[in-house]
Number of protein chains: 2
Amino acid sequence: MSRPPRETAAPAEPKPGRRTSQRPTIRDVSRLAGVSRMTVSRVLSDPELVLPTTRDKVFKAVADLGYVPDKTAGSLSSRRTGFIALMLPTLTNANFAAVAHGLTDALRGADYHLLIAYTDYDMAEEERQLRNLLARRPEAIVLTGAMHRRNASRMLMAADVPVVEIADLPSQPIEHAIGFSNYQVGRTAARYLLDRGFTRIGAIAASPEGEVTDHRGEERMRGFEEELRLARRSTDGVLRHGTAPVSFHHGAAAFRALVEQQPDIEAIFAVSDLSAVGAVMEAQRMNLRIPQDISIMGFGDFEIGREINPALTTIHVDFHALGLRTGKMLVDLLASDATPAPSTVDVGLRIVERASVRDR
Amino acid sequence: MSRPPRETAAPAEPKPGRRTSQRPTIRDVSRLAGVSRMTVSRVLSDPELVLPTTRDKVFKAVADLGYVPDKTAGSLSSRRTGFIALMLPTLTNANFAAVAHGLTDALRGADYHLLIAYTDYDMAEEERQLRNLLARRPEAIVLTGAMHRRNASRMLMAADVPVVEIADLPSQPIEHAIGFSNYQVGRTAARYLLDRGFTRIGAIAASPEGEVTDHRGEERMRGFEEELRLARRSTDGVLRHGTAPVSFHHGAAAFRALVEQQPDIEAIFAVSDLSAVGAVMEAQRMNLRIPQDISIMGFGDFEIGREINPALTTIHVDFHALGLRTGKMLVDLLASDATPAPSTVDVGLRIVERASVRDR
DNA sequence: TCCTTATATGGGACCGATATCATTTGGCAC
DNA sequence: GTGCCAAATGATATCGGTCCCATATAAGGA
């Protein structure tokens with residue numbers, strides 16, 4: 001039944017090596033269980049390959065020693081780190097957090113772990129973080145498209161792993177893209193307000209200057225202004241205020257500035273629900289009635305928009321589903337050894353009509 | 001000047017090995033630069049050790065090949081992964097996201113990378129995630145205290161790396177703790193409302209049942225009820241509604257349920273600003289005036305609380321600073337080879353008086 | 001009984017870096 | 001010129017797993 005193990009036993013006096021930690025290794029387990037390292041490895045990765053009696057000896061040894069396998073070593077040997085890199089502008093934004101959440105949900109069970117980095121909307125930081133991430137040899141890279149520095153793009157192409165740009169639809173995707181057109185968001189918002197009969201239409205967003213920029217937000221503003229221009233309406237009501245990222249407070253301050261500057265403004269699109277909610281709150285303080293005096297719409301469908309009074313009309317994108325979908329695609333992609341053609345998925349967007357916009 | 005390299009050159013026909021990726025390794029760099037691998041390693045980790053001429057050759061080779069060092073291999077060899085594990089209940093909460101942000105800020109430049117996992121408030125998931133994290137051999141572990149399963153605690157003790165419990169003050173810390181007493185938050189809130197002269201005082205929180213539980217929130221409620229009891233006031237107004245995590249919507253629903261159940265309630269403490277803001281919004285819809293009819297206070301000092309009308313009275317904890325402080329402590333701790341005694345830091349809390357609570 | 005094949009397990013090389021120690025070189029004092 | 005020391009660089013073992021292939025045993029067929 002049990003044959004003598006063939007691996008050499010350790011010398012009674014182990015010579016002083018580099019080993020300092022007392023943490024048990026697979027070798028300790030194998031010795032205790034009286035099997036080879038390889039058998040321990042098999043028991044832990046695919047127990048079916050090993051006889052139940054052997055398996056149980058190994059499990060017992062693992063439990064007795066409190067052995068936790070070292071994935072660093074395993075990764076080096078198997079050339080599979082189990083990491084998926086995710087780079088976002090910030091975590092302090094419910095929608096980006098939802099993306100991470102969705103991704104994790106899709107990856108759970110597939111034995112992948114997210115490696116999260118964020119750039120604080122800073123392109124130089126994006127490049128630094130990307131280098132850090134690549135050094136960890138992720139098996140795939142997920143990041144918000146579509147603007148990258150030249151160097152960052154080059155590193156991504158050279159990485160030789162699937163790259164997915166999310167939350168945007170780049171005109172020149174690096175490889176895969178799952179998202180929506182921020183430009184279309186802007187146009188859709190403007191069209192919606194135009195269709196309601198408004199003529200004096202404004203918008204609030206962050207100032208586009210500098211390396212710290214919300215490019216996706218910029219795209220929304222570009223689409224918004226474009227639609228106004230096509231309708232031959234003035235874009236004077238488009239106000240740039242403060243710096244990215246926007247916030248409730250940003251929205252409040254920008255709203256006040258815009259109304260003081262353009263008292264006859266009828267409807268406002270905010271680059272994010274955060275700004276929009278802030279604007280609604282500031283309007284209350286200014287005794288302006290929403291939507292009777294001014295209509296306001298936002299983007300992102302944040303939870304708070306559903307709860308405020310009046311409830312916020314907004315453009316919805318399902319970010320959790322976006323993350324989920326990205327994760328599923330990656331799991332499939334990494335399971336097959338083929339290299340499928342680059343794909344672009346538009347998850348779409350939809351207007352959520354609530355009470356903060358009325359017909360004129 | 002230049003001596004012939006002593007490392008053996010690669011055979012012209014490399015025998016078929018396991019190497020499949022074309023990614024350059026340190027060996028490729030060393031050959032191209034005409035130096036040993038060790039010299040390349042030195043140039044990248046401590047350039048001062050190497051002559052400028054040699055250094056430049058190496059840098060050039062690195063650039064030409066687009067070489068990115070493999071930290072997996074480096075970690076295994078140096079026994080330093082550069083990972084710091086962070087386990088949170090969720091990322092979809094601005095305060096926890098702020099902790100992660102602060103930690104990252106402190107770690108930037110120290111060449112550590114956060115390895116983030118979250119539990120969705122599920123104890124079983126905490127254990128699974130912890131096992132995953134430990135397999136990556138983090139150099140320190142940060143997690144929200146103070147409740148862990150037996151197994152989780154044991155794994156933490158055995159991990160043999162610094163452990164920091166945050167956002168709470170455990171009665172039996174595993175090692176270090178940086179946080180505040182959630183129990184005291186509850187007592188402080190109750191005391192504040194009692195001092196304002198209210199007698200019929202209520203609270204809204206999630207139901208405490210099941211494995212999916214917000215223990216920190218529970219502690220706040222425990223402190224709140226305790227203070228009421230000490231003041232010989234009824235705790236009938238303490239309503240448990242729905243499940244964790246709470247949300248704006250949770251607050252709105254719980255508020256309505258509480259007011260319908262106890263129409264004469266005078267003041268309410270919400271376990272989180274999220275609930276509190278939801279409650280304020282629901283009150284508006286019910287035509288209840290805040291604070292004239294009912295006073296409301298929250299916890300967490302979320303940004304939205306500053307912007308709503310009336311602005312929300314709340315209990316503030318600086319979560320970004322908490323993360324920052326944790327990160328700094330870890331950097332110091334990991335730099336010294338001594339093992340300092342376990343420390344507990346109370347970052348304190350303070351009441352932020354705004355307009356949603358009035359004197360009775 | 002012997003041979004073939006499938007199943008279970010082991011041996012040793014190897015993944016790509018760094019730690020450690022050895023070696024070479026150059027500079028300087030005598 | 002010789003000896004010594006510091007600075008620069010190299011050779012090799014090693015980190016802790018897994019891959020690949022070899023080997024031993026069991027099972028089945030002629």
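Proteins get letters first, then strands, A, B, ... in listed order; numbering begins at 1 in each.
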note: A:Arg80, atom CZ; D:dT18, atom P; distance rounded to Å ~ 11 Å
I'd like to know if A:Arg23 reaches the base of D:dG16 with its side chain such that a donor and an acceptor end up less than 3.5 angstrom apart. no
Check B:Leu322 against B:Thr326 and note the closest heavy-atom contact, atom names and distance. O-OG1, 2.7 Å
With a 4.0 Å cut-off on heavy atoms, is A:Thr54 in touch with a base, just the backbone sugar-phosphate, or nothing at all? sugar-phosphate
Under 4.0 Å: is that the gap between some side-chain N or O of B:Tyr67 and OP1 or OP2 of C:dG16? no
Between CG of B:Leu65 and P of C:dG16 the distance, given in whole Å, is 14 Å
Partners of A:Glu139 by salt bridge (Lys or Arg N to Asp or Glu O under 4.0 Å), sequence neighbours excluded? A:Arg80
5' priority, DNA chain D, between A:Arg42 and A:Asp70 [closest heavy atom]: A:Asp70
According to a strict under-4.0 Å criterion, is B:Ser78 in side-chain N/O contact with OP1 or OP2 of C:dA17? no
How many Å lie between CZ on A:Arg79 and C1' on D:dC20, as a whole number? 14 Å
The criterion is side chain to side chain donor-acceptor pair (under 3.5 Å); which residues satisfy it with B:Lys60, sequence neighbours excluded? B:Asp64
Within this structure, what is the CG-to-C1' distance between B:Asp46 and D:dA8, rounded to whole angstrom? 13 Å
Given D:dG10, C:dT9, D:dG17, identify the nucleotide with an atom nearest to the side chain of A:Val50. C:dT9
Which of these nucleotides, C:dT18, C:dG10, D:dT18, is closest to any side-chain atom of A:Ser41? D:dT18
For the residue pair A:Thr39 and A:Ser36, confirm or rule out a side-chain donor-acceptor distance under 3.5 Å. yes
Would you mind telling me which of C:dC15, C:dA17, D:dC20 lies closest to the side-chain atoms of A:Met38? D:dC20
Between C:dA19 atom P and B:Leu44 atom CG, what is the distance in whole Å? 13 Å
Residue from B:Tyr118, B:Tyr121, B:Phe96 passing side chain to side chain contact (heavy atoms under 4.5 Å, CB included) with B:Thr144: B:Phe96
From the options C:dG16, D:dT9, D:dC19, select the nucleotide whose nearest atom is closest to the side chain of A:Leu76. C:dG16
Students often get this wrong, so: under 4.0 angstrom with heavy atoms, is B:Thr72 touching a base, only sugar-phosphate, or nothing? nothing
Look at the side-chain N and O atoms of B:Arg37 and state whether any lies under 4.0 Å from the OP1 or OP2 oxygen of D:dT12. no
Grab the CZ-C1' distance between B:Arg55 and D:dT9 for me, whole Å please. 14 Å
Could you state the CZ-P distance from A:Arg136 to C:dC15, rounded to the nearest angstrom? 21 Å
Would you indicate which nucleotide in C:dA17, D:dC15, D:dT18 comes nearest to any side-chain atom of A:Arg137? C:dA17
Return the value, rounded to whole Å, for the distance between atom CG of B:Leu51 and atom P of C:dG26. 11 Å
Quick check on C:dT9: is either OP1 or OP2 less than 4.0 Å from any side-chain nitrogen or oxygen of A:Ser36? no
Audit row: B:Asp70, B:Thr25, side chain to side chain contact (heavy atoms under 4.5 Å, CB included) steps and yes/no: CA-CA 8 Å; B:Asp70 184 335; B:Thr25 72; over 6 Å; no
Between C:dT9, C:dA17, C:dT20, which nucleotide has the shortest distance from any of its atoms to the side chain of B:Ser77? C:dA17
